[in-house]
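One structure is given here, and the rest of the page talks about it.
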Amino acid sequence: MIQKPRGTRDFLPDEMERRRHYEGVLRHVAETFGFREIATPIFEEAELFILRSGSNILNELYAFRDKGDREIALRPEMTAPAIRMFVNSMSNEPKPIKMFYFGQCFRYERPQSGRYREFYQFGAELIGNKNPESDAEIIALAASMIKALGLRDYRIRIGHIGVLRQKLADAGVPKEKTAEILQKLDKKLYDEAEPILIDLGVSDLARQEIFDLTGTVGGMEVLSNVPGEAGDYLRSVAEILGRMGVRDVDIDLGVVRGLDYYTGMVFEAEAPALGAEKQICGGGSYTLSELFGGEQVFSTGFAIGFDRILLAMEKEGIEYGLRGIDAYVVPASDAVRGEAYGIVSMLRDSGISSDMDLMGRKMAKAMKHASSVGAGKVIIVGEKELSERSVTVRDMSSGDQTLIRISELVRYLS
RNA sequence: GCCGGGAUAGGGUAGCUUGGUUAUCCUAGGGGACUGUGGAUCCCCUGACUCGGGUUCAAAUCUCGGUCCCGGCCCCA
């Protein structure tokens with residue numbers, strides 16, 4: 001038997017219906033914020049992703065050479081393709097450009113809980129300007145999406161990469177060491193960061209300031225302790241979020257994100273119930289367009305790990321009720337089967353989802369089947385009813401039955 | 001890439017320690033009883049030891065390797 005490749009999944013109809021439903025919830029929220037959907041290719045020139053993330057990502061990329069000798073990679077994320085698209089074809093559109101996307105991405109990693117080689121991301125990018133308004137808008141969108149899904153236990157943490165980078169530079173940390181230190185700080189591994197800083201000759205005072213900064217965690221009020229431009233900036237973001245009624249966010253200046261290209265505000269959301277792979281959303285402000293041959297344009301965006309957030313919802317016991325089918329048409333005998341085809345067809349033409357027995361089952365078995373496919377109503381087509389140009393409509397949850405004229409059926413079921 | 005735990009019908013499981021009849025039970029699916037009414041009962045049927053090698057008279061069971069899954073580490077754009 002052929003198995004599916006490692007780290008991939010099949011989605012059976014029940015699961016797919018649930019996924020499509022929540023995907024629709026996310027789309028809807030994005031649209032209410034004035035974002036419009038885009039789609040980009042599932043594969044791109046590998047170079048695109050290397051430009052964004054550095055050549056070390058090649059290890060985790062599904063990359064191959066195609067028949068035309070091109071270096072191709074399955075997309076590992078969708079920010080770079082979105083910005084490439086912007087540079088290629090949207091750079092003269094009125095700003096800000098608000099776009100969102102949903103689709104699968106691929107990473108060659110060891111699969112574990114909430115981590116797959118083929119996974120789904122829902123993301124949004126706001127291209128236009130670097131200002132608190134844009135950042136607040138993006139955070140508000142992310143917060144609204146998570147809320148709309150019904151997830152309860154999660155935290156959104158907002159930080160600012162600029163402050164920390166500046167601080168490290170001022171303290172004399174060379175550029176090539178910055179990433180390593182930021183990585184330690186991101187995980188709050190102060191014990192491991194300290195000796196590196198000492199080696200680099202960073203003073204006691206500067207080290208203390210760095211640790212204090214990354215340790216600035218809490219509600220919006222902790223921002224009053226943050227000096228300088230970044231402090232003012234985040235206070236503006238917080239102010240706008242407050243006006244928008246976004247409450248479920250915290251400040252954590254230790255949020256660092258992995259990448260060099262983030263320029264200012266960064267944020268993450270996590271669902272603690274997920275364990276090791278608990279991050280459900282990540283984003284921030286950045287510039288990428290200049291890397292892809294365009295002018296430098298400031299953007300801010302985020303991506304939600306769709307699979308993870310669904311997993312978190314499942315762990316919280318949030319259940320999705322399957323829709324089932326509106327009507328199931330059951331001929332009472334083979335003699336009236338022909339009439340039943342006409343009725344099911346009439347219902348379908350009117351937009352009422354309907355099905356009928358294709359297995360040649362007798363009535364009792366057909367009823368049973370109607371029940372197992374979640375039919376709301378069963379339309380019993382029998383000789384007795386037909387003689388009055390009617391059918392019997394049985395409500396499957398109550399068991400009540402009514403005689404309805406065929407000419408009235410569509411109206412009755414609508 | 002590293003450490004650990006797993007894999008028995010479509011789903012969930014017993015059996016494995018101590019190798020030995022036709023591999024257990026539940027559920028699902030198909031058919032039938034009920035001759036025009038589902039979620040009830042009864043009967044029948046379908047359907048599994050992850051794959052490959054080794055040990056053995058004999059392997060679901062012991063052993064080695066592959067594959068996949070799960071928990072964690074690394075990484076996480």
Side-chain angles (χ1 to χ4, degrees), chain A residues 1-10 12-15 46 48-61 73-83 105-117 119 121 123 179 183 186-187 256-262 266 268 270 274-284 286 288 291 301-303 305 308 311 324 328-336 357 359-386 391-401:
Chain A
M1 200 168 23
I2 306 290
Q3 306 215 350
K4 62 188 182 312
R6 183 167 159 85
T8 63
R9 290 157 297 161
D10 291 323
L12 276 56
D14 285 0
E15 172 67 2
L48 176 67
F49 304 110
I50 295 168
L51 283 173
R52 185 205 180 200
S53 311
S55 57
N56 52 327
I57 64 148
L58 263 171
N59 301 323
E60 295 179 345
L61 221 47
L74 301 185
R75 61 187 184 200
E77 46 92 16
M78 287 190 279
T79 300
I83 298 303
C105 298
F106 304 83
R107 295 181 189 178
Y108 194 89
E109 298 180 291
R110 184 204 165 287
Q112 60 192 73
S113 177
R115 178 190 276 188
Y116 305 96
R117 287 184 172 182
F119 59 99
Q121 278 197 344
Q183 197 195 349
D186 186 33
K187 291 181 192 162
V256 157
R257 309 283 303 137
L259 287 181
D260 282 348
Y261 68 80
Y262 282 109
V266 289
E268 290 181 345
E270 58 185 42
L274 293 181
E277 303 294 328
K278 65 186 176 185
Q279 192 187 324
I280 52 176
C281 173
Y286 60 90
L288 274 178
L291 287 180
F302 69 92
R308 283 189 193 175
L311 200 59
Y328 194 87
V329 178
V330 174
S333 68
D334 285 337
V336 294
D357 172 54
M359 297 281 283
R361 289 190 173 98
K362 291 183 190 161
M363 193 164 169
K365 284 281 164 87
M367 295 286 289
K368 186 178 155 127
H369 189 254
S371 169
S372 68
V373 297
K377 299 276 199 295
V378 162
I379 314 299
I380 298 164
V381 181
E383 271 133 350
K384 282 186 292 199
E385 291 90 339
L386 286 175
V391 291
T392 295
V393 177
R394 179 182 178 88
D395 184 293
M396 292 298 276
S397 49
S398 67
D400 297 340
Q401 297 195 169

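Note that this is a predicted model, so its numbers are computed, not measured.
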| Do the side chain of A/Gln3 and the base of B/U50 come within less than 3.5 angstrom through a donor-acceptor pair of N or O atoms? | no
| said: For the P atoms, the ones on B/U18 and on B/U63, what distance do you get once it is rounded to whole angstrom? | reply: 10 Å
| message | Given the structure, check if the side chain of A/Lys365 and the base of B/G30 hold any donor-acceptor pair shorter than 3.5 Å. | response | no
| field | Whole-Å C1' distance, B/A48 and B/G10 | value | 11 Å
| query | When the C1' atoms of B/G1 and B/C76 are considered, how many whole Å apart are they? | reply | 15 Å
| Who is the Watson-Crick or G-U wobble partner of B/C68, with both distances under 3.5 Å? | B/G6
| message | For a quick check, tell me whether the side chain of A/Glu277 and the base of B/G72 share a donor-acceptor pair closer than 3.5 Å. | response | no
| query | Are any of A/Lys362's side-chain N or O atoms less than 4.0 Å away from OP1 or OP2 of B/A33? | reply | yes
| said: With side-chain hydrogen bond (donor to acceptor under 3.5 Å, both in side chains) as the rule and sequence neighbours excluded, what pairs involving residues 369-380 of chain A come up? | reply: A/Tyr328-A/His369, A/Lys377-A/Asp395
| task | Scan A/Gly284 against the nucleic acid and name what it touches under 4.0 Å (heavy atoms): base, sugar-phosphate only, or nothing. | result | nothing
| How far, in whole Å, is B/U46 from B/G39 if one measures between their P atoms? | 24 Å
| message | Taking only side-chain N and O atoms of A/Arg361, does any of them lie within less than 4.0 angstrom of OP1 or OP2 on B/G31? | response | yes
| Which nucleotide, in any strand shown, forms a Watson-Crick or G-U wobble pair with B/U35, with both distances under 3.5 Å? | none
| task | In whole angstrom, give me the gap between the C1' atoms of B/C45 and B/C51. | result | 29 Å
| message | Whole angstroms only, please: what is the CZ-C1' distance between A/Phe119 and B/C75? | response | 13 Å
| query | Closer to the 5' end of RNA chain B via nearest nucleotide, is it A/Arg6 or A/Glu77? | reply | A/Arg6
| said: By nearest atom, which of the nucleotides B/A77, B/G30, B/G36 is closest to the A/Met363 side chain? | reply: B/G36
| request: Could you tell me the separation between the NZ atom of A/Lys278 and the C1' atom of B/C75, rounded to a whole number of Å? | output: 16 Å
| said: Would you measure the distance from the P atom in B/G4 across to the matching atom in B/U56 and give it in whole Å? | reply: 29 Å
| request: Only counting residues at least two apart or in another chain, list the ones meeting salt bridge (charged side-chain N to carboxylate O under 4.0 Å, His left out) with A/Glu15. | output: A/Arg18
| query | In residues 367-379 of chain A, what residues come within less than 4.0 Å of RNA chain B, judged by heavy atoms? | reply | A/Met367, A/Lys368, A/Ser371
| For nucleotides 41-46 of chain B, read 5' to 3', which letter fits each nucleotide if B means a protein heavy atom sits under 4.0 Å from the base, S means only the sugar-phosphate is that close, and - means neither? | ------
| said: Once you apply a heavy-atom cut-off of 4.0 Å, does A/Gln279 come out as touching a base, just sugar-phosphate, or nothing? | reply: nothing
| said: Does A/Gly282 reach a base, just sugar-phosphate, or nothing at all? Heavy atoms under 4.0 Å. | reply: nothing
| query | Hey, which of these two, A/Gly382 or A/Leu61, hits RNA chain B nearer its 5' end, going by closest nucleotide? | reply | A/Gly382
| field | For B/A60, the Watson-Crick or wobble counterpart (both distances under 3.5 Å) | value | none
| message | Between B/U17 and B/U27, how far apart are the two P atoms, rounded to whole Å? | response | 30 Å
| Going by atom types alone, do A/Thr392 and A/Glu385 pair a side-chain donor with an acceptor below 3.5 Å? | yes
| task | Show the numbers, then the answer: is there a side chain to side chain contact (heavy atoms under 4.5 Å, CB included) between A/Asp357 and A/Val330? | result | CA-CA 7 Å; A/Asp357 172 54; A/Val330 174; over 6 Å; no
| request: Whole angstrom is fine here: how far is it from CG in A/Leu386 over to P in B/G36? | output: 15 Å
| request: Starting from C1' on B/A77, measure out to CG on A/Leu58 and report it in whole angstrom. | output: 12 Å
| query | A/Glu385 near the nucleic acid: base, sugar-phosphate alone, or nothing, with a heavy-atom cut-off under 4.0 Å? | reply | base
| field | Whole-angstrom distance between B/C69 and B/G11, as gauged at atom P | value | 15 Å
| said: Under 3.5 Å, is there a donor on one side chain and an acceptor on the other for A/Gln121 and A/Glu77? | reply: no
| Does anything in residues 109-116 of chain A reach RNA chain B, meaning a heavy atom under 4.0 Å, and if so which residues? | A/Glu109, A/Arg110, A/Gln112, A/Ser113, A/Arg115
| Does A/Glu60 have any salt bridge (charged side-chain N to carboxylate O under 4.0 Å, His left out) partners at least two apart in sequence or in another chain, and if so, which? | none
| Would a distance-only check, ignoring hydrogens and angles, find a side-chain to backbone donor-acceptor pair under 3.5 Å from A/Arg394 to A/Val378? | no
